[in-house]
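Predicted model, so just to flag it, every value in this text is computed and none were measured. Order of the sequence lines sets the chain letters (A, B, ...), proteins ahead of strands, with each chain counted from 1.
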Amino acid sequence: MISSITATTGGQPVFRRDLDPNALRLTRRKTINLLRNCKNIAQVPPIHAKIIRTFHGQDAFVVFELIRICSTLDSVDCAYDVFRYVPNPNVYLYTAMIDGFVSSNRSADGVSLYRRMIRDSVSPDNYVITSVLKACDLEECREVHGQVLKLGFGSSRSVVLKLMEVYGKCGDLVDAKKVFDEMPERDEVAATVMINCYSDCGCVKEALELFNDVKVKDTVCWTAMIDGLVRNKEMNKALELFREMQMENVSVNEFTAVCVLSACSDLGALELGRWVHSFVESQRIKLSNFVGNALVNMYSRCGAIYEAKLVFKGMRDKDVVSYNTMISGLAMHGESFEAIKGFREMVNRGFSPNEVTLVALLNACSHGGLLDIGIEVFRSMERVFHVEPQIEHYGCIVDLLGRVGRLEEAYRFVENMPIEPDHIMLGALLSACKIHGNMELGEKVAKRLIESEDSDSGTYVLLSNIYASSGKWKESSEVRGSMRDSGIDKEPGCSTIELDNQIHEFLVGDTTHPEKEAIYQRLQELNRVLKFEDVMFVYQ
DNA sequence: ATAGGGTTAG
């Protein structure tokens, strides 16, 4: 990217003499349109060069557009290169730049730019305040809140709504509620934001109470409540609310469909998912990428990989998320080579794989036992795809080594990693130790897990099983005992299954289902089949 | 010229 400069000769800016105000306006219009049509950051530099020639990088309207385009094209550094050479940026430019930082997950840069703006005595408006609030943590939010009151933006609707939202996101329900209560007209929009605050803080009960108090609820309000329930893992309640919504004749849109599909994915509610699919088609709800991706995800996670592929194939403007969803689904179903094929197609079509793509691809390798490919992918992550390996990627490699039985190597890998292992990674290693019968290493890993205090009941159970299977009965029962003492055995395992549009829920040790005898008998049969298949697999 | 309630991948 070319750096914008103020062209000077002997200290004086040079302006093109042949541009009268009308011509300037026309050129500005044309340039902005050119910028808006850019699909790729590579198309921007020639236009930028022209902007420097024509406007000397000083026309706020054009620069504003330039900053926004660079940001939307995932090139916030280019946007900043433009911004930092503007001598006295106005509040519009600050807003665009802060927004750019926020959407690239660079909140700290957004906040410090806002501070610089205040220091440079540029008066904030309600737009820039809502922008910077998105970047704030709790302390910064309080600071901006103070300024808001001092500067008289306390009655700006968008500012107040954003303040509530950020307080909620930061877990400060008290202040969110305070702002809400102080609003002169608490309409359904404000209530929707407050419902989200409750959901963000895990207060489902309060969210539902407020929801029930809202007199006239529109699609957005219903959708927010359904989504809040989904995010808090109250799937059945979410689906119940969805049915209620339709009985109240509130129209369902693509947002609602995506939320419900996400609930179906979690519950494995294939039939309801299919129903939402046909509902989307019959209601002519826009089959956007959001909906398409949610459908692909729902079908894969409900075990219907064929239908997932069908939806995926039918999507015309697939994006990175579409590919990631499909590759993850294929990996989940053990179709490792299909997943790799999907990855190749994605790269060939010019998409840049991101960190999620690489997790999916590594998972595919792991599930297929493709050690060499997996290691190769991991090694090329940074060099070829410019993705810095995160804990999830390291975890995939540990999983991969563990699965193929190279446990010592996996342990060495963990010890040599530049980051600390988390309980998920150690848990994967632990179960690999159990599967491959490496008791010494298993014991070492389990102890490390329990010391880290991040362990769940599963760790204790596995450690106790490891002791039991090597005849160390005393140690085994001691582990069970310390599990009870630590109160960690309280979390009940839960699973659900959908049958004839009914979601059946089962808790660990649950014997309340009317058909429990038939269910447990069938379970035992399945266990025998699985054991047999496992043995066959080993001796193949 | 800008924002202002709800969505997908691990």
Side-chain angles (χ1 to χ4, degrees), chain A residues 28-29 32 36 59-68 90-100 102 125-134 156-165 168 180 186-197 199 214 217-228 230-231 252-263 265 285-286 288-298 300-301 308 312 315 318-329 331-332 346 353-363 390-393 395-396 424:
Chain A
R28 177 191 283 157
R29 198 68 258 153
I32 288 174
R36 288 195 178 157
D59 185 291
F61 289 79
V62 175
V63 173
F64 172 78
E65 210 62 39
L66 187 56
I67 291 170
R68 294 225 318 168
N90 63 18
V91 68
Y92 290 90
L93 299 186
Y94 273 106
T95 309
M97 196 59 238
I98 292 170
D99 266 338
V102 170
D125 61 6
N126 48 342
Y127 292 93
V128 75
I129 289 171
T130 48
S131 291
V132 77
L133 278 173
K134 289 181 232 161
S156 159
R157 199 176 141 74
S158 52
V159 168
V160 170
L161 291 174
K162 196 49 89 185
L163 273 170
M164 279 171 63
E165 187 189 319
F180 178 61
R186 291 190 295 280
D187 57 3
E188 59 175 335
V189 176
T192 307
V193 178
M194 195 60 221
I195 288 169
N196 270 322
C197 291
S199 302
V214 180
K217 297 185 271 270
D218 64 0
T219 303
V220 179
C221 191
W222 280 91
T223 306
M225 191 63 244
I226 292 173
D227 177 54
V230 171
R231 283 192 344 248
V252 169
N253 65 13
E254 72 173 295
F255 291 83
T256 327
V258 171
C259 291
V260 175
L261 285 170
S262 159
S265 309
I285 292 171
K286 193 178 156 222
S288 64
N289 272 344
F290 268 112
V291 177
N293 297 342
L295 280 169
V296 173
N297 184 44
M298 181 277 294
S300 325
R301 301 215 349 212
F312 180 75
M315 290 173 63
K318 299 181 188 81
D319 56 20
V320 175
V321 179
S322 317
Y323 278 98
N324 290 351
T325 312
M326 191 70 250
I327 295 170
S328 305
M332 222 181 278
M346 165 182 186
N354 62 18
E355 66 280 6
V356 181
T357 322
L358 286 151
V359 170
L361 186 62
L362 289 170
N363 265 327
Q390 297 154 359
I391 191 132
E392 293 91 337
H393 304 102
C396 288
I424 300 171

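- If you check every strand for non-hydrogen atoms under 4.0 Å, A:Ser328 touches sugar and phosphate atoms only.
- Residue contacts for A:Asn196: at a heavy-atom cut-off of 4.0 Å it reaches the sugar-phosphate backbone alone, with no base atom in range.
- Using a 4.0 Å heavy-atom distance criterion, A:Asp218 is classed as a base contact.
- Applying the side-chain contact (heavy atoms from CB on, under 4.5 Å) rule to A:Asp125 yields the partners A:Val91, A:Tyr127, A:Val128; only residues at least two apart in sequence or on another chain are considered.
- Residues satisfying the side-chain contact (heavy atoms from CB on, under 4.5 Å) test with A:Glu254, not counting sequence neighbours, are A:Ile285, A:Lys286, A:Ser288, A:Phe290, A:Val291.
- Qualifying ring-ring contact (aromatic ring centres under 6.0 Å, His included) partners for A:Phe64, counting only residues two or more places apart in sequence or in other chains: none.
- Backbone-only engagement by A:Lys134 is indicated by non-hydrogen atom pairs under 4.0 Å involving sugar-phosphate atoms exclusively.
- The existence of a salt bridge linking A:Asp99 and A:Arg68 is excluded, since no basic side-chain nitrogen approaches an acidic carboxylate oxygen closer than 4.0 Å.
- Using a 4.0 Å heavy-atom cutoff across all strands shown, A:Asn90 reaches at least one base atom of the nucleic acid.
- Residue A:Thr219 is classed as a base contact, given a heavy-atom separation below 4.0 Å to a base.
- Listed by chain and residue number, A:Glu188, A:Val220, A:Cys221 satisfy the side-chain contact (heavy atoms from CB on, under 4.5 Å) test with A:Asp218 (two or more places apart in sequence, or in another chain).
- Within 4.0 Å (heavy atoms only), A:Thr325 reaches sugar-phosphate atoms of the nucleic acid but no base atom.
- Contacts of A:Phe312 classified as side-chain contact (heavy atoms from CB on, under 4.5 Å), with partners at least two apart in sequence or in another chain: A:Val296, A:Lys318, A:Ser322, A:Tyr323, A:Met326.
- Contact footprint of chain A on DNA chain B: nucleotides with an atom under 4.0 Å from a non-hydrogen protein atom, first to last in 5' to 3' order, B:dA1 to B:dG10.
- Residue contacts for A:Val356: at a heavy-atom cut-off of 4.0 Å it reaches a base atom on one of the strands shown.
- Within the nucleic acid shown, A:Glu355 comes within 4.0 Å of at least one base atom, counting heavy atoms only.
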